[in-house]
Peer 1: 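Questions regarding the structure given below will be posed in turn.
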Amino acid sequence: MSRPSFDDIFDLLSVERRRYAIHYLSEIPDGVATLDDLSEQVAAWETDTAVADVPDDFRRRVEASLHHTHLPRLADANVIDYDARSESVRYYGQPVLEEYAEHVAAMELPDQ
């Protein structure tokens, strides 16, 4: 996997939903997630609630946005592999991207 340029890194991190997705994927041990799990956590962070308390309609909107916009963008930047048919995401560690994402997460996410 090629490393994204600094321009790509800042573009990827310019959208809160992508920042949250990157942070989630970088924190899970094997870097593999389902779209459902990723959507639930991103929606919880966006609403500052527990996963179980996220309204279903909001979680579905987050899932659609990730599926149609943000995960394809991350895949185009060679940060993840996204299989839209199986709705599985595989993250490939990107240390520079993670470094910036970690700083942002510390400021934006609850209990970080």
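Counting begins at 1 with the first residue of the sequence.
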Peer 1: Kindly give the heavy-atom pair with the smallest separation between Arg73 and Arg18, and that separation in Å.
Peer 2: CG-NH1, 3.8 Å

Peer 1: Between atom CD1 of Ile22 and atom CG of Leu38, what is the distance when rounded to the nearest 0.5 Å?
Peer 2: 10.5 Å

Peer 1: Return the set of residues passing salt bridge (Lys or Arg N to Asp or Glu O under 4.0 Å) with Glu63 (not counting sequence neighbours), or none when no residue passes.
Peer 2: Arg59

Peer 1: To the nearest 0.5 Å, what is the distance between CZ on Arg17 and CD on Glu46?
Peer 2: 4.0 Å

Peer 1: Looking only at non-hydrogen atoms, find the nearest pair between Leu35 and Leu71 and report the distance.
Peer 2: CD1-CD1, 3.7 Å

Peer 1: Supply the atom-to-atom distance Arg90 CZ to Asp81 CG, rounded to the nearest 0.5 angstrom.
Peer 2: 8.0 Å

Peer 1: How are the rings of Trp45 and His23 set relative to one another: parallel (under 30°), tilted (30 to 60°) or perpendicular (over 60°)?
Peer 2: tilted

Peer 1: Evaluate side chain to side chain contact (heavy atoms under 4.5 Å, CB included) for Tyr24 paired with Asp37, printing each intermediate quantity in order.
Peer 2: CA-CA 10 Å; Tyr24 177 79; Asp37 290 342; 3.7 Å; yes

Peer 1: Name the one of Val62, Val51, Val54 that satisfies side chain to side chain contact (heavy atoms under 4.5 Å, CB included) with Glu40?
Peer 2: Val51

Peer 1: Working to the nearest 0.5 Å, report the span between CG of Asp8 and CG of Asp76.
Peer 2: 10.0 Å

Peer 1: Identify the two heavy atoms, one from Leu66 and one from Ala21, that lie closest to each other, and give their separation to 0.1 Å.
Peer 2: CD2-CB, 4.2 Å

Peer 1: Identify, with sequence neighbours excluded, every residue that meets side-chain hydrogen bond (donor to acceptor under 3.5 Å, both in side chains) alongside Ser88.
Peer 2: Ser86

Peer 1: Going hydrophobic residue to hydrophobic residue with side-chain gaps under 4.5 angstrom, can you get from Phe10 over to Leu12?
Peer 2: yes

Peer 1: Could you list the residues that satisfy side chain to side chain contact (heavy atoms under 4.5 Å, CB included) with Pro55, not counting sequence neighbours?
Peer 2: Asp57, Phe58

Peer 1: Report whether Leu74 and Ile28 are members of the same hydrophobic cluster (ILVMFWY, side-chain heavy atoms less than 4.5 Å apart, transitive linking).
Peer 2: yes

Peer 1: List for me each residue that meets side-chain hydrogen bond (donor to acceptor under 3.5 Å, both in side chains) alongside Gln41, sequence neighbours excluded, and say none if there are none.
Peer 2: none

Peer 1: By salt bridge (Lys or Arg N to Asp or Glu O under 4.0 Å), which residues pair with Arg60, not counting sequence neighbours?
Peer 2: Asp56

Peer 1: Taking Tyr82 as the starting point, is it possible to reach Val15 by hopping between hydrophobic residues whose side chains are less than 4.5 Å apart?
Peer 2: no

Peer 1: Going by the rule side chain to side chain contact (heavy atoms under 4.5 Å, CB included), which residues pair with Ala64 if we only count those two or more places apart in sequence or in a different chain?
Peer 2: His68

Peer 1: Over all heavy atoms of both residues, which pair between Ala50 and Ala44 is shortest? Give the atoms and the distance, please.
Peer 2: C-CB, 4.1 Å

